[in-house]
Amino acid sequence: MIDNILDNIHINFDSGSLWIMNLVLSLVMFGVALEISISDFKPLWLKPKALLVGLCSQFILLPALTFLLVFAIEPLPSIALGMFMVAACPGGNISNFISYLSKANTALSVSLTAIATMLAVIMTPLNFHFYSMLYEPSSNLIKDISISPVEMIKLVFLLLGLPLMLGMYFNHRKPKIALKIAKKLKVVSLVFFICLVFIALYNNRVIFMDYIFYVFWIVLIHNLVAFSTGYSLGRIFKLPEDSLRSITIETGIQNSGLGLLLIFTFFDGLGGMALIAAFWGVWHIVSGLILAAFLNRKSVAKETIA
C-alpha cells in the first residue's frame, strides 16, 4: 500500500550535494544579514506589537494549527512529519522580496526574518520534536529514526544563526561594502540554492511524479492555512495594513530549504517529509507571487511599524 511505500522511501541526495546545499543556505543567510544593522531594530523596541504578533504567528500559532490540520486529515506519518518540519521553520528569505512586491512593511519583514531566524535555532527543533511526538503515528515513526534535538539545534545554529551574526557584524564594520556585496551574493546564492533543489527533484523525478497528486493538495491547504494564520492574527490585533501584509507573508513563506536540509541530514531524505518540503519550496513562491499581485492592486498608505 501507499502507506508502507511512501513512509519507507528515501530520496536520493548524495553527501557532496548536501554539503554544497549547507554552504549555499549559509551564504543566503549571510547575504540577508549584510543588509541588516542594529539600528533597524530600534523602532521595534519602541513599538514591538507587530513584531511580537509576527513571531507568535510563526512559532506558536502556525505549528499548533498545523497539528490540528494533521489531526483532521490524518496524512501518512512521514507526510505529517514533513508538515511539522515546514511549520517549525522560520520565514523564508524570499518573503522580503514578496513583501516588497506587495507594498508591505518591508522594514518589519526584514526584522521578522532576522529575529525569527535567530529564534529558530531553538524554536525549530523544539516545535518539530514537540508536535511530532504529540501525534501518535508520527511519534512511532520518529522513535524508529531516533534523532537528537540537541544535534538539530547545533546544525540550525551553524546554518542560520552563525551566518546571520557574521553578516550583521560585517555590516556594522563595513556598511558600504556590505551593501554592495549583499546585492550580488543574495541573488547568486539564492538562485544556486533553488537549482540544487530542482536537481534533487529531477534526480528523483519518478518518485515525485508518482506521489505529486497525493502531496500537492496537502501543501496547497497547509500553505493557505499559513497565510490565513498571519492575516487573521494581524486583524485580531488591529495592525496597520502594511504590517498586516508583512505578517501574512512571513507566516505563509516558510524556509523550506532549511527543512529539506534537516530532512536529508537527520532523516536520510525520508520520502514523505522530503516531498512535502520540496513542494512547499516550489509552491510558496508561486502562491507568494499570486498574493503579491492581488495585494498590489490595492493601494496602502505608508505606515510605520505598529
Worksheet entry | Hphob cluster co-occupancy, Met123 + Leu51, side-chain heavy atoms under 4.5 angstrom | yes

Worksheet item: Do Leu258 and Pro90 come close enough that some side-chain heavy atom pair is under 4.5 Å?
Response: yes

Item to complete: Identify the heavy atoms of Val215 and Phe279 that sit nearest to each other, and give their distance.
Response: CG1-CD1, 3.5 Å

Discussion item. Looking at Arg235 and Glu241, is there a salt bridge between them, counting it only when a charged N and a carboxylate O are closer than 4.0 Å?
Written reply: yes

Worksheet item: Lys103 and Asp242: side-chain contact (heavy atoms from CB on, under 4.5 Å), yes or no, with the steps?
Response: CA-CA 7 Å; Lys103 298 178 182 177; Asp242 60 344; over 6 Å; no

Discussion item. Contact between Ser138 and Phe67 at the side-chain level, heavy atoms closer than 4.5 Å - yes or no?
Written reply: no

Fill in: Side-chain touch Tyr214/Leu275, heavy atoms, less than 4.5 angstrom
no

Discussion item. Quick one, Ile249 and Leu291 - any side-chain contact, counting heavy atoms below 4.5 Å?
Written reply: yes

Discussion item. I need the Thr251 OG1 to Leu233 CG distance, nearest 0.5 Å.
Written reply: 8.0 Å

Fill in: Close side-chain approach of Ser139 and Leu134, heavy atoms under 4.5 Å
no

Worksheet item: When rounded to the nearest 0.5 angstrom, what distance separates CG in Leu239 from CG in Leu108?
Response: 8.5 Å

Identify each donor-acceptor pair in which a side-chain atom of residues 79-88 lies under 3.5 Å from a protein atom, sequence neighbours left out, and give them as a table.
none

Discussion item. I'd like to check Phe157 versus Met118 (side-chain heavy atoms, cut-off strictly below 4.5 Å). Are they in contact?
Written reply: no

Discussion item. Please give me the minimum heavy-atom distance between Gly230 and Ile247, naming the atom from each residue.
Written reply: O-CG2, 3.7 Å

Worksheet item: Does the side chain of Phe128 reach to within under 4.5 Å of the side chain of Leu262, using non-hydrogen atoms?
Response: no

Fill in: Steps toward side-chain contact (heavy atoms from CB on, under 4.5 Å) verdict (Phe227, Ile253)
CA-CA 8 Å; Phe227 279 124; Ile253 306 290; 4.0 Å; yes

Worksheet item: Do Ser109 and Ser246 meet the criterion of a side-chain donor-acceptor pair at a distance under 3.5 Å?
Response: no

Discussion item. Would Met165 and Phe30 count as a side-chain contact (heavy atoms from CB on, under 4.5 Å) here? Give the steps.
Written reply: CA-CA 8 Å; Met165 291 189 292; Phe30 181 74; over 6 Å; no

Discussion item. Quick check for you: to the nearest 0.5 Å, what is the distance between Asn171 atom CG and Ile177 atom CD1?
Written reply: 11.0 Å

Worksheet item: Stepwise, does the side-chain hydrogen bond (donor to acceptor under 3.5 Å, both in side chains) test hold for Trp280 with Asn223?
Response: CA-CA 8 Å; Trp280 249 93; Asn223 186 229; over 6 Å; no

Worksheet item: Distance from Ile73 atom CD1 to His222 atom NE2, nearest 0.5 Å?
Response: 9.0 Å

Practice prompt. Mind running side-chain contact (heavy atoms from CB on, under 4.5 Å) on Ile181 and Phe170 for me, showing each step along the way?
Written response: CA-CA 11 Å; Ile181 295 174; Phe170 191 88; 4.0 Å; yes

Worksheet item: How long is the gap from CD on Glu250 to CZ on Arg245, to the nearest 0.5 Å?
Response: 15.0 Å

Item to complete: For residues Phe130 and Pro63, determine if any side-chain heavy atom of one lies less than 4.5 Å from a side-chain heavy atom of the other.
Response: no

Discussion item. Please report the interatomic distance CG(Leu244) to OG(Ser102), rounded to the nearest 0.5 Å.
Written reply: 11.5 Å

